[in-house]
Every structure is written in C-alpha cells, then in structure tokens.
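Report on the structure given below.
Here is how names work: the chains are called A, B, and so on, in the same order as the sequence lines, proteins then strands, and each is numbered from 1.
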Amino acid sequence: MAQVTLRKVSKSYDQHVQAVKGIDLDIADEEFVVLVGPSGCGKTTTLRMIAGLEEITGGEITIAGEVVNDIPPRDRDIAMVFQNYALYPHMTVFDNMAFGLKLRKFAKDEIRRRVDEAARILDIGELLARKPKALSGGQRQRVAMGRAIVRHPKVFLFDEPLSNLDAKLRVQMRTEIKKVHQTVRTTTVYVTHDQVEAMTLADRVVVMNRGVIEQVGPPQELYHSPATRFVAGFIGSPAMNFIPCRIQGRGNELALRLADNLSFPLPPERTQRYGAYTDREMLLGLRPEHLTELKDQARPNMVRLDSRLDVTEPMGMEILVHFRINGTAVCGRVDPSVRAIAGETLPMSADLNHMHLIDPETDRVL
Amino acid sequence: MSGNVATAGALAPRRRRRSSIKNERRWALCGSYIALVVFAIGFLIPPYFELVTSLKTSQEIGSGKSPWFVHHLYLGNFIEIIRNPQFQTFFLNTVKVTVFVVIVTLVIAILAAYSLARMRFFGSTAFATGVFLTYLVPESLLFIPLFKVLSFLHLINSTWCLALIWPTLSVPFCTWIMIGYFSSIPKELDEAAMIDGASHLQMLWKIFIPVAMPGIIAATIFAFTVCWGDFLYPLAYLFTAKQMVLTSGIVSNLIHGDVLDWGHIMAANILASLPPVLIYAFLMDYYIAGLTAGATKG
C-alpha cells in the first residue's frame with residue numbers, strides 16, 4: 001500500500017523564485033497520476049521533491065503514511081525513470097538493472113530472478129549482455145523502466161520519459177508503459193508536457209500552471225468539464241476556441257450575443273447558471289468538434305454560422321477548418337466528405353449543448 | 001533562349017567560386033604541411049642528435065666528422081650505462097617516487113574534483129579556481145620557500161622529499177582535468193545512482209571513476225610526465241648520488257669537472273626518456289580525449 005500525499009508543498013529558489021506554491025495532492029495506492037502543464041509550471045520540481053532530489057521549502061510529503069521530507073532518496077523506496085534514460089554507460093543492461101539490488105545486498109539468485117522477470121515484462125531478454133550505447137532510444141527507455149521495475153518500489157516516478165523518442169516510438173512506448181502499469185500495479189507519478197500522453201495514460205490528470213494545481217480529475221472530466229480557462233485551453237488538440245461574447249436578456253429568455261447581428265438563444269437548462277452574468281464581457285469556449293458543417297437535420301441548440309474559410313487542413317479522418325467569428329480566429333472540424341475550400345463560404349453550425357462560459361475576470365469556467 | 005542565357009550567366013560565377021574554394025583549400029593544406037614539417041623537424045632534431053651521439057665512441061664524437069650520421073655503430077655507451085650502479089640507483093629512485101606520487105596525486109585529485117564538481121558547498125567555485133591558480137605559480141618561485149619547509153622537516157637530501165614536493169606540481173592540474181571530466185557526466189547519472197541507493201563513495205567508485213576513465217588516464221600520464229621529467233626540485237634538494245633521481249643524477253654524476261662524457265650522457269638520456277615515450281605511445285588516444293573533454297566542458 002503506497003499512497004502519496006502532498007500537503008501545502010512549496011519550493012522556492014534563492015527566496016525569490018517560487019517554483020511550486022503550496023500544492024495539495026492525494027495519490028491513491030496503485031493509481032497512475034500524470035502531472036501535466038507547460039514548461040516552468042512546477043511539475044518536474046514537484047516530482048523531484050517526491051523523489052527527494054530537491055529539498056522541500058515548505059509543507060509535507062508522505063509516502064505510505066510516512067513523512068519523507070528529510071529522508072534521502074535511497075531510503076524512500078521509490079524508483080525513477082529519467083528523460084535522458086540515465087543508464088550507466090559502462091555497465092551492461094543486466095548490471096544496469098541489477099545495480100540497485102546489488103547495493104541493497106540482495107542474493108544473486110534473487111537478483112537474477114527479478115531482472116529476468118522485468119526483462120520478460122519489457123521484452124528485453126536478448127539485450128541483457130549489451131551496453132547502453134548499443135541500444136536504440138526505445139530499448140534504452142525500456143531498460144530504464146526495467147531498472148525501476150526490478151526494485152519493486154512503493155512508487156514509480158517518470159520524468160518526461162518519452163520526450164527524447166521520435167513520434168512513432170513515443171506512441172508505442174506509451175502503450176508499453178500503460179501495459180506495464182496494468183501488470184505491475186504500482187503507484188505511479190508521471191510528468192509530461194504532452195497533454196495527449198496525460199490523457200491516454202492517467203487514471204487522474206493533475207494540470208499545473210505557474211506553480212499551482214489548476215485542476216485534478218480523470219481525463220474525460222478534465223476534457224468535458226474544465227474548471228478554468230487554462231485547463232480548457234491546455235487539454236484537447238486542437239485547443240478549445242475562445243470567442244468574446246455577452247449574455248443578454250432576462251429570466252429564461254437569455255441570449256448569447258457574439259456580434260451585433262449574431263445572437264443565439266441560450267440552451268434553457270443553462271439560463272439559471274448564467275443568469276448572474278448578463279451584460280458583461282464574457283468568453284464563449286467551444287471545442288473544434290462542436291463547430292462543424294451544417295447538418296441537414298436541425299438539432300436543438302445547434303446554431304448556424306456562415307463562414308468564409310481562411311485555411312483548411314485535411315487530416316484524413318476529418319478536415320480542420322480555420323475561419324473567423326466576429327474577428328476572432330477559430331478552428332472547426334468537418335467531415336472529409338464536405339467540400340471545404342479556403343476562400344469559400346461554408347455553412348457551419350455551433351453546438352451550444354457543449355458550450356463553456358468563462359468569466360474573464362477570474363478565468364473560471366462557469 | 002533568354003532562359004538559357006540566364007542559366008549560363010548564373011553558372012559561370014558559381015563555377016569560378018567553386019574552383020577558388022578548391023584553391024583556397026589547397027593553399028591551406030600546403031601551409032599546414034609546411035608549418036607541421038618545420039615544427040616536427042624543430043622538435044625532433046634534439047632527440048635525433050641525442051640518439052646519433054649515443055651510438056658513437058668518444059673518438060668519433062671528437063673526430064670532427066659530420067655529427068648527424070653514425071659512421072661506426074657502437075652500443076658500448078648503452079651497455080656501460082645500464083651496468084653503471086649509479087644509473088641503476090637513479091632509475092630505481094625515480095620509479096619509486098614517481099609511482100608513489102602518481103598514486104597520491106590521483107587519490108587527492110579524484111576526491112577533490114568529485115567534491116568540487118558535484119557537492120555544492122559554500123565556496124566550492126572559489127576553491128576550484130584557487131586550485132587552478134596554484135598551478136600557475138612557477139617552480140622557480142616556490143623552490144626557495146619549499147627549501148625552508150623541507151629543512152624544517154629534515155627532509156633535505158632525501159629522495160622521499162620529492163614525494164612531498166611533486167604533488168604541488170601534479171595535483172592542481174590533475175584536479176582541474178578531473179573537475180572538467182566529472183562535470184561532463186550528466187547529473188541524472190548521479191541522481192539515478194542516488195535513487196538506486198548509492199552513497200557518495202559508492203557513486204564515485206562505481207559510476208564516476210569507470211565513466212571518467214579516459215580523464216583518469218590523462219591525469220595519470222600528466223602526473224607521471226611532470227614527476228619523471230622534473231629537474232629543478234631534484235637539483236635543488238638532493239646532493240648525494242644515492243638519493244638522486246635521473247634528471248639531476250645524469251647531469252651531476254656523469255659530468256666530471258669539465259670532462260663531458262657525451263656518449264654516456266646521451267645514452268643515459270635516451271634510456272631515461274624511454275618510459276614516458278612508451279606510456280605516451282600506448283595511451284595517447286586516451287590522453288587527448290581526456291584533455292579535450294576537460295578543456296571544453298570544464
């Protein structure tokens with residue numbers, strides 16, 4: 001059983017730069033948690049504090065109920081996989097994986113058994129006698145994971161492990177990591193700046209920005225119900241569109257006004273929620289898949305927008321179309337069968353059932 | 001038609017430029033070769049002269065014939081020098097102290113470099129610079145104060161005084177080489193080792209030393225060469241033949257008054273310079289790799 005908890009954890013450098021600003025996080029036993037955010041958001045610092053590679057300026061970190069603030073990394077019973085693999089270049093794959101066990105004075109048979117088991121899980125049995133320089137990037141990353149697995153630690157820590165791999169291998173290794181977690185079932189904290197990796201791997205995603213946690217939740221929840229403008233914009237690719245708007249009207253008769261001649265009735269179930277925000281500058285958040293070509297069958301809360309396309313990007317399974325709504329550049333997704341040509345006008349529709357309203361003063365999604 | 005003219009016009013200057021690059025390259029190559037040949041000749045003449053002279057009898061050396069060629073090959077100088085008990089003492093003394101100093105230097109330099117490169121502590125950068133500055137103080141400035149120190153310790157005219165003195169020449173530079181080398185090892189490697197459960201000593205012994213082996217070899221060669229070839233300190237501190245090392249011994253004991261026994265002196269010099277030459281020959285590649293790593297990343 002290895003829960004990890006962070007209580008008011010903060011980190012500052014030289015008493016000026018605050019990298020992490022008092023974050024709270026509970027990670028359950030066997031859970032796969034991904035810390036995601038842009039560069040400099042404090043995610044790697046947080047991971048390194050859990051590992052014990054960075055001292056904690058304030059707050060408390062516990063692993064399996066034990067406060068580890070002053071415990072050195074080797075006694076925390078954790079294993080870490082680094083971005084650049086950090087394999088020992090002068091040792092064979094076997095010795096790389098066995099190093100931690102040898103230092104902990106495990107019996108030779110036990111070391112052999114554990115390395116073989118990890119090699120079987122990761123499918124690197126044939127590489128055990130090789131040195132790291134004779135391995136490809138993907139193989140090195142497997143060995144780095146093997147080094148973590150053999151230790152049977154309480155917690156796995158991954159620091160952007162796939163960033164050095166090419167795009168194709170990254171997708172393959174992502175699946176591998178998920179498979180390994182399903183086999184080994186160890187509490188895992190994984191840091192990445194790639195939101196696709198975060199969404200695909202995590203049981204829960206922690207979105208960080210400027211040293212604070214913006215939102216914690218399962219990937220689908222973050223996607224469909226983002227709490228802040230940052231999360232709404234960060235999760236999802238292409239990113240959510242933000243269009244300036246106003247809510248007008250009274251009672252149950254509220255309307256969403258995008259421009260002087262562009263106004264739509266709000267879905268009735270939302271009128272109560274948005275009633276308090278009438279006549280203020282607001283932001284409409286709409287994902288590209290909810291800006292599509294106009295379908296024949298009219299559905300409730302689908303509103304028509306005629307748009308002159310600026311750019312079209314055929315992706316195979318869909319076409320991304322870029323156009324403007326009242327001067328704001330937006331991106332929509334249309335079916336590949338649609339004749340979408342840059343410079344021509346295409347009847348589009350916006351699905352207000354999936355709209356988000358953001359208060360620009362607080363940047364919170366209402 | 002106009003297109004063709006334009007193409008021809010565009011090609012002509014390009015062709016000219018290409019040939020000028022070729023010319024420039026040829027001149028650069030010629031220049032390099034000339035400089036290298038002059039340099040090599042300049043540096044190889046003394047050892048060549050030494051070798052040629054060592055293979056001549058005293059009569060031939062003094063006969064006024066061309067000094068650049070051996071007319072009658074004579075190996076007697078070498079045989080006599082090898083059998084000379086004084087030369088044997090010098091050789092043995094040099095080997096003993098040099099090996100000792102090389103070991104001491106490596107232990108100090110590796111430990112110092114590891115702590116200066118990896119363990120952040122107050123003043124570590126100033127220390128590292130200080131180490132290098134020490135290296136810049138020349139022997140000729142130090143030998144009088146060091147004489148005082150050695151007399152205080154009653155070590156004047158003892159071979160082993162060199163074991164105390166030579167590290168002042170070898171440790172700073174070797175530490176500097178090793179700092180550069182250790183700094184080039186990625187930080188994640190020690191972090192991985194730390195998480196794997198290694199202490200600082202284990203990290204040094206099992207990770208840093210094996211990974212930095214080329215640097216260590218470079219440091220070894222440097223320390224060896226500095227000690228083996230040092231002339232000033234042995235000359236200043238050692239007086240009796242029993243305590244002397246090769247450099248000072250050859251000069252002090254093979255020259256009797258104004259009688260210069262050139263054949264023996266040259267043979268002794270050749271024999272004395274063999275060990276460094278052999279070491280360089282075998283470890284040259286490591287030496288260069290070690291020096292450049294230290295130079296660019298230190």
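- The minimum heavy-atom distance between Met194(B) and Pro73(A), with the atom names listed, is SD-CG, 3.8 Å.
- A donor-acceptor pair is defined here as one N or O able to donate and one able to accept, closer than 3.5 Å; such a pair exists between the side chain of His90(A) and the backbone of Lys206(B).
- Annotation: Glu126(A), atom CD; neighbour count of heavy atoms from other residues, nucleotides and ligands within 6.0 Å does not exceed 12.
- In the displayed structure, Tyr33(B) atom OH is contacted under 6.0 Å by at most 12 heavy atoms of other residues, nucleotides or ligands.
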Please report the C-alpha distance between Glu188(B) and Asp159(A) in whole Å, then the side-chain angles of each, then the deciding distance to 0.1 Å, and finally whether the side-chain contact (heavy atoms from CB on, under 4.5 Å) criterion is met. CA-CA 11 Å; Glu188(B) 284 85 356; Asp159(A) 185 11; over 6 Å; no
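- The interface of residues 94-106 of chain A with chain B, defined by heavy-atom distances below 4.5 Å, comprises Phe99(A), Gly100(A), Leu103(A), Arg104(A).
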How far apart are the C-alpha atoms of Ile195(B) and Leu53(A), what are their side-chain angles, what is the distance that settles it, and do they pass the side-chain contact (heavy atoms from CB on, under 4.5 Å) test? CA-CA 9 Å; Ile195(B) 288 173; Leu53(A) 298 172; 4.1 Å; yes
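- Annotation: Glu60(A), atom CD; neighbour count of heavy atoms from other residues, nucleotides and ligands within 6.0 Å is above 12.
- In this structure, chain A has no heavy atom under 4.5 Å from any part of Lys187(B).
- Interface remark: of the candidates Val81(A), Asp77(A), Ile78(A), Ile78(A) forms the most heavy-atom pairs closer than 4.5 Å to chain B.
- Taking every heavy atom of both residues into account, Ala192(B) and Arg147(A) meet most closely at CB-NH2, 3.6 Å.
- Looking at Arg76(A), there are no atoms closer than 4.5 Å to chain B (heavy atoms on both sides), in backbone or side chain.
- Contact of Gln202(B) with chain A is made through the side chain alone, with heavy-atom distances under 4.5 Å.
- Atom CH2 of Trp205(B) sits in a sparse spot, with 12 or fewer heavy atoms from other residues, nucleotides or ligands closer than 6.0 Å.
- For Tyr88(A) (side chain) and Ala193(B) (main-chain N/O), a donor-acceptor pair under 3.5 Å exists by modelled atom type.
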